[in-house]
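First comes the structure, then the notes that go with it.
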Amino acid sequence: MADLSAEARILAAIRDVPHGAVAGYGQIARRAGLPGRARLVARVLAGNGDDTLPWHRVLRSDGRIAFPPGSRGHREQAARLRAEGVQVTAGRVRMPPRATLDATLWGPATALPRAR
DNA sequence: CTATTGACCTTAG
DNA sequence: GCTAAGGCCAATA
């Protein structure tokens with residue numbers, strides 16, 4: 001499986017995000033087997049071009065939208081998230097109280113069983 | 001080769 | 001709660 005390029009693994013990780021859930025760039029990167037490559041994830045999304053890819057479920061570590069407020073991508077992402085049942089307020093996603101969040105997000109009600 | 005930039009992250013004030 | 005600074009990695013000029 002290591003033959004797949006980083007981009008392919010990142011896309012796969014994003015596609016693995018369940019409906020109504022959100023994930024952070026750093027977390028996606030880690031899940032893709034690329035710790036510390038959060039920026040690479042952003043770069044891939046910037047040039048994705050795949051509509052079947054739930055890129056709108058990828059947010060920053062603060063649960064905030066990566067796009068600047070008022071921007072087109074920002075509004076679109078917020079709208080898409082709301083359409084999936086995710087509460088978005090002031091450009092940020094309603095997230096449960098937790099530590100750095102990066103290890104928490106995901107599942108709207110239950111956390112995925114996974115190794116740290 | 002060095003410098004700049006980017007849908008980032010973390011720690012500190 | 002928000003702002004500022006440092007760090008990290010990859011692509012591009």
Side-chain angles (χ1 to χ4, degrees):
Chain A
M1 291 291 160
D3 288 1
L4 291 175
S5 59
E7 184 179 327
R9 290 195 301 238
I10 290 168
L11 292 172
I14 295 172
R15 280 187 188 123
D16 274 349
V17 179
H19 175 99
V22 291
Y25 286 84
Q27 195 173 349
I28 289 289
R30 196 186 301 183
R31 203 180 153 96
L34 304 165
R37 271 89 180 148
R39 283 185 129 161
L40 185 56
V41 176
R43 190 163 199 39
V44 172
L45 284 179
N48 64 341
D50 193 336
D51 290 349
T52 64
L53 185 76
W55 60 271
H56 55 269
R57 288 179 198 153
V58 185
L59 307 170
R60 289 203 350 200
S61 49
D62 291 349
R64 235 187 198 170
I65 297 184
F67 288 105
S71 188
R72 197 141 173 247
H74 180 259
R75 278 190 288 169
E76 180 157 350
Q77 184 164 12
R80 275 187 132 175
L81 287 170
R82 284 182 196 154
E84 295 197 349
V86 181
Q87 288 199 351
V88 184
T89 38
R92 40 176 109 163
V93 176
R94 232 279 211 178
M95 50 165 164
R98 219 93 27 235
T100 49
L101 301 179
D102 217 13
T104 316
L105 254 24
W106 291 89
T110 55
L112 294 178
R114 66 176 186 335
R116 255 227 11 39

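So you know, we letter chains A, B, ... as the sequences are listed, proteins then strands, and number each from 1. Everything quoted here is computed from the prediction, not taken from an experiment.
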Kindly compute the distance separating CG (A:Leu11) from CH2 (A:Trp55), expressed to the nearest 0.5 Å.
-> 14.0 Å
Rounded to whole Å, CG of A:Asp62 lies from P of B:dT11 at a distance of 12 Å
What is the minimum heavy-atom distance between A:Val17 and A:Ala23, and which atoms define it?
-> CG2-CB, 4.3 Å
Side-chain polar contacts of residues 38-48 of chain A - donor-acceptor pairs under 3.5 angstrom, sequence neighbours left out - could you list them?
none

Non-neighbouring partners of A:Arg37 that pass side chain to side chain donor-acceptor pair (under 3.5 Å), sequence neighbours left out = none
Any chance you could list the contact pattern along nucleotides 8-13 of chain C? Use B for base contacts, S for sugar-phosphate-only contacts and - for none, protein heavy atoms under 4.0 Å, 5' to 3'.
-> BBSSS-
Can you give the donor-acceptor pairs under 3.5 Å from side chains of residues 85-92 of chain A to other protein atoms, not counting sequence neighbours?
none

A:Arg60 CZ to C:dC2 C1', straight-line distance once rounded to whole Å = 13 Å
DNA chain B contacts made by residues 64-84 of chain A, counting heavy atoms under 4.0 Å = A:Ala66, A:Phe67
Salt bridge (Lys or Arg N to Asp or Glu O under 4.0 Å) partners of A:Glu7, counting only residues at least two apart = none
Close side-chain approach of A:Arg15 to A:Thr52, heavy-atom, < 4.5 Å = yes
Expressed in whole Å, how much space separates the P atoms belonging to C:dG6 and B:dA7?
-> 22 Å
Donor-acceptor contacts, no H, no angles, side chain residues 71-81 of chain A, under 3.5 Å, sequence neighbours left out:
{"residue": "A:Gln77", "atom": "NE2", "partner": "A:His56", "partner atom": "O", "Å": "3.0"}
{"residue": "A:Gln77", "atom": "NE2", "partner": "A:Val58", "partner atom": "O", "Å": "2.9"}

